[in-house]
2 protein chains.
Amino acid sequence: MLQERLFDPQGRDLADCPVRHVLDHLAAKWTTLIVLELAAGPRRFSQVSKALPDISKRMLTQSLRDLERDGLIRRTVFPTKPPSVEYALTAMGQSLLPPLLGLIEWAQAHEVQIATARQAYTG
Amino acid sequence: MLQERLFDPQGRDLADCPVRHVLDHLAAKWTTLIVLELAAGPRRFSQVSKALPDISKRMLTQSLRDLERDGLIRRTVFPTKPPSVEYALTAMGQSLLPPLLGLIEWAQAHEVQIATARQAYTG
DNA sequence: CAGAATCCTTTCGGATACTG
DNA sequence: CAGTATCCGAAAGGATTCTG
């Protein structure tokens, strides 16, 4: 499988497809949860860490970097002692919230139905 | 890190959080693309495979099973020779489309801005 | 055609220890 | 406080071969 270069029907490199790009972000498993946490307001590194107890510092740092890199969050360092760092959604990050919350609502609305389907499914 | 049991602020087991549940599904990286493909109408296994060239048969089969298991798609076998199998969205699968398309639109709308942010980011 | 089974490489991500 | 660095086991996922 895996050819040298893969193109979609429009001739665009699949890896550069914006849809996949966003999907890969959701796929990052933690990034979305971080965005949702920051939706409530700016947070310090340790605050995010406490809000999401089951993410290691390693992954938290990496996820925050990814989001910063894509312009979804802004990282601000305050030169205090010891230093504190604040993370906040950018305008673009804020703009992601409505569609994201739409998905969350769907998830909650169909939670039971999915659980039921799973139960009914016997390989 | 990784305690015995992890709870969110509401006291619910994090692993059972519906939000994470859906996110984990989208996180499967391929499932969403399959749903989008089936949104255009029922498709045979080979048709989906051709529409998504960069997914191996192994992963396609697995992803289709996952979606079927959660009741998002329906699998119908026609006892022809050789047999053909049709996949189609269920009502619940259809209901996922609006929020999903909302996210897709966001992705396309911010495609350039994200690319720009990436370029500007010099780690 | 539509998979199932096997093998094997790559990536994800946790644990731990260390730094300015 | 907010990371960085290293190690390593677990899981994802591609390639290939086989089957009804």
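Chain letters run A, B, ... following the sequence lines, proteins first and then strands; every chain starts at 1. Since we're looking at a predicted model, the values are computed, not measured.
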Rounding to an integer number of Å, can you tell me how far Asp54(A) CG sits from dC12(C) P?
18 Å
Phosphate-side-chain proximity, Arg75(A) and dG3(D), N/O vs OP1/OP2 below 4.0 Å:
yes
When rounded to whole Å, the CD1 to P distance for the pair Ile55(A) and dG14(C) reads 7 Å
Would you classify Lys29(B) as touching base, sugar-phosphate or nothing, given that sugar-phosphate means primed atoms plus P, OP1 and OP2, and contacts are heavy atoms under 4.0 Å?
sugar-phosphate
Let me know the distance between CD of Gln62(A) and C1' of dT6(D), rounded to the nearest Å.
14 Å
CD of Glu68(B) versus C1' of dG3(C): gap in Å, rounded?
13 Å
Does the pair Lys29(B)/Asp24(A) count as a salt bridge with the N-to-O cut at 4.0 Å?
no
For dA2(C) and Ser46(B) - does any side-chain N or O of the residue sit under 4.0 Å from the phosphate oxygens OP1/OP2?
yes
If you pin Arg58(A) and Tyr87(A) to their nearest nucleotides in DNA chain D, which one's is more 5'?
Tyr87(A)
Rounded to the nearest Å, what distance is computed from the CD atom of residue Gln47(A) to the C1' atom of nucleotide dC1(D)?
12 Å
Can a donor-acceptor pair be found, under 3.5 Å and without considering hydrogens, that links the side chain of Ser49(A) to the backbone of Phe45(A)?
no
Sub-4.5 Å side-chain heavy-atom contact between Thr32(A) and Leu103(A)
no
Regarding the side chain of Pro83(B), the nearest nucleotide among dG20(D), dG3(C), dA2(D) is dG20(D)
Would you indicate what Phe78(B) reaches in the nucleic acid, counting non-hydrogen atoms under 4.0 angstrom: base, sugar-phosphate, or nothing?
nothing
For the atom pair CD (Glu68(B)) and CZ (Arg65(B)), what is the distance rounded to the nearest 0.5 Å?
6.0 Å
Between P on dA5(D) and CE on Met59(A), what's the gap in Å once rounded to a whole number?
14 Å
Counting only side-chain nitrogens and oxygens, does Arg65(A) get under 4.0 Å of the OP1 or OP2 atom of dA2(D)?
no
Between Trp106(B) and His110(B), how do the two ring planes meet: parallel, tilted or perpendicular, split at 30° and 60°?
parallel
From dG3(C), dC1(D), dG3(D), nucleotide with atom closest to Lys57(B) side chain
dG3(C)
Side chain of Thr61(B): nearest nucleotide among dG3(D), dG3(C), dA2(C)?
dG3(C)
Nearest-angstrom distance from the residue atom CH2 of Trp30(B) to C1' of dG14(D):
10 Å
Picking from dC1(C), dG3(C), dG3(D), the nucleotide nearest the side-chain atoms of Phe45(B) would be dG3(C)
Please give, in whole Å, the distance from dG13(D) P to Leu52(B) CG?
13 Å
